[in-house]
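For this chain, numbers begin at 1 and follow the sequence in order.
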Amino acid sequence: MREHFGNGVVRKIFFRGIGWGDQWAIAATINLGGEMWWIVELFSSSDLESGRPSIKTAVKVPTEDWRNQPPPITAASLHKIDQASAAIVSFYTMSRELHHLKIRYALRNESRGPKSNGVLSSGGPVLYIRFSDLVPTPQPSDLTPNPRPWACEKLQLTHHGFESSHGKVIHVVKGM
């Protein structure tokens with residue numbers, strides 16, 4: 001697990017996200033510098049129960065605020081970690097699917113200012129998708145010799161929450 005979490009990890013704890021698939025978990029690692037939070041993708045869903053999870057992918061969950069300071073561990077900060085984790089899993093799986101379908105996209109981590117009310121005040125993933133790769137541009141015909149696109153070419157998809165009781169991820173799509 002060193003290749004995923006680095007050296008100096010004293011303790012690691014894994015949690016299942018409510019409403020997530022079996023292959024994903026949240027991990028907390030503790031070292032002399034404090035704690036770090038991770039999203040981990042497991043090779044097998046039974047890995048966690050065995051006590052020796054085999055990790056396919058590990059992505060650090062950004063927990064720092066807009067000043068780059070880690071927050072104290074409170075119910076509110078744990079809720080933000082849960083929400084940010086859901087966003088990361090969602091965008092990670094969407095990126096894989098878009099890549100598989102050969103749809104052009106860009107995934108960026110965009111920062112937000114101190115007055116942001118987003119999932120993480122320090123920023124979060126934003127997915128940009130080309131609309132024409134999703135829905136082909138209308139072809140000229142006798143009825144419409146010069147068809148115009150009916151939507152913006154660039155779509156911006158942002159995460160706006162997760163309803164764990166229903167397993168629903170909430171995203172907002174904006175044309176640009």
Side-chain angles (χ1 to χ4, degrees), residues 1-66 68-101 103 105-112 116-127 129 156-173:
M1 289 201 207
R2 269 190 208 127
E3 67 269 15
H4 298 292
F5 301 137
N7 292 325
V9 172
V10 177
R11 175 91 62 216
K12 52 192 162 302
I13 306 163
F14 294 88
F15 305 94
R16 287 258 188 229
I18 298 170
W20 294 17
D22 288 341
Q23 75 272 20
W24 294 98
I26 298 174
T29 58
I30 301 168
N31 61 28
L32 297 176
E35 81 280 340
M36 294 176 82
W37 294 87
W38 305 83
I39 293 300
V40 293
E41 182 180 17
L42 306 170
F43 278 105
S44 168
S45 61
S46 63
D47 284 350
L48 217 49
E49 288 78 25
S50 71
R52 301 205 47 159
S54 179
I55 297 172
K56 185 176 185 179
T57 307
V59 179
K60 186 181 178 305
V61 178
T63 56
E64 298 80 13
D65 64 14
W66 64 276
N68 226 14
Q69 299 294 313
I73 298 296
T74 63
S77 66
L78 290 174
H79 178 71
K80 284 187 177 185
I81 289 168
D82 183 47
Q83 291 290 309
S85 299
I88 292 168
V89 169
S90 175
F91 279 87
Y92 196 83
T93 55
M94 273 192 287
S95 296
R96 275 189 184 164
E97 187 65 21
L98 291 169
H99 179 76
H100 176 73
L101 295 171
I103 293 172
Y105 71 94
L107 181 60
R108 298 193 180 113
N109 190 34
E110 297 192 354
S111 62
R112 298 182 182 127
S116 170
N117 60 0
V119 172
L120 286 179
S121 57
S122 62
V126 177
L127 187 64
I129 304 169
Q156 179 189 52
L157 193 127
T158 54
H159 180 80
H160 283 268
F162 178 67
E163 292 180 16
S164 59
S165 59
H166 297 97
K168 292 182 181 177
V169 177
I170 302 165
H171 290 137
V172 172
V173 178

> Does the side chain to side chain contact (heavy atoms under 4.5 Å, CB included) test come out yes or no for H4 and V40, once each step is laid out?
Replying inline: CA-CA 9 Å; H4 298 292; V40 293; over 6 Å; no

> Sequence neighbours excluded, which residues qualify as side-chain contact (heavy atoms from CB on, under 4.5 Å) partners of I103?
Replying inline: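 For I103, the residues satisfying side-chain contact (heavy atoms from CB on, under 4.5 Å) (neighbours in sequence not counted) are L98, L101, I129, D133, L134.
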
> Between H159 and S90, do the side chains contain an N or O donor and an N or O acceptor separated by less than 3.5 Å?
Replying inline: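 Note: H159 and S90 side chains miss the donor-acceptor criterion.
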
> What heavy-atom pair brings W37 and T63 nearest, and what distance separates the two atoms?
Replying inline: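 Scanning both residues, the minimum pair turns out to be CD1-CG2, 3.8 Å.
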
> Looking at V61 and I81, what are the two nearest heavy atoms and their distance?
Replying inline: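 Result for this residue pair: CG1-O, 4.3 Å.
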
To the nearest 0.5 Å, what is the distance between [atom1] ([X]) and [atom2] ([Y])?
| X | Y | atom1 | atom2 | answer |
| --- | --- | --- | --- | --- |
| T29 | F5 | OG1 | CZ | 6.5 Å |
| T57 | Y92 | OG1 | OH | 3.5 Å |
| K56 | Q23 | NZ | CD | 8.5 Å |
| I55 | L42 | CD1 | CG | 7.0 Å |

> Is H99 atom NE2 crowded by more than 12 heavy atoms from other residues, nucleotides or ligands, each under 6.0 Å away?
Replying inline: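 Not more than 12 within 6.0 Å, no.
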
> Got a donor-acceptor contact below 3.5 angstrom from the S77 side chain to the P72 backbone?
Replying inline: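 A pair under 3.5 Å: yes.
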
>> Evaluate F15 against D82 for side chain to side chain contact (heavy atoms under 4.5 Å, CB included), listing each step before the verdict.
In response: CA-CA 10 Å; F15 305 94; D82 183 47; over 6 Å; no

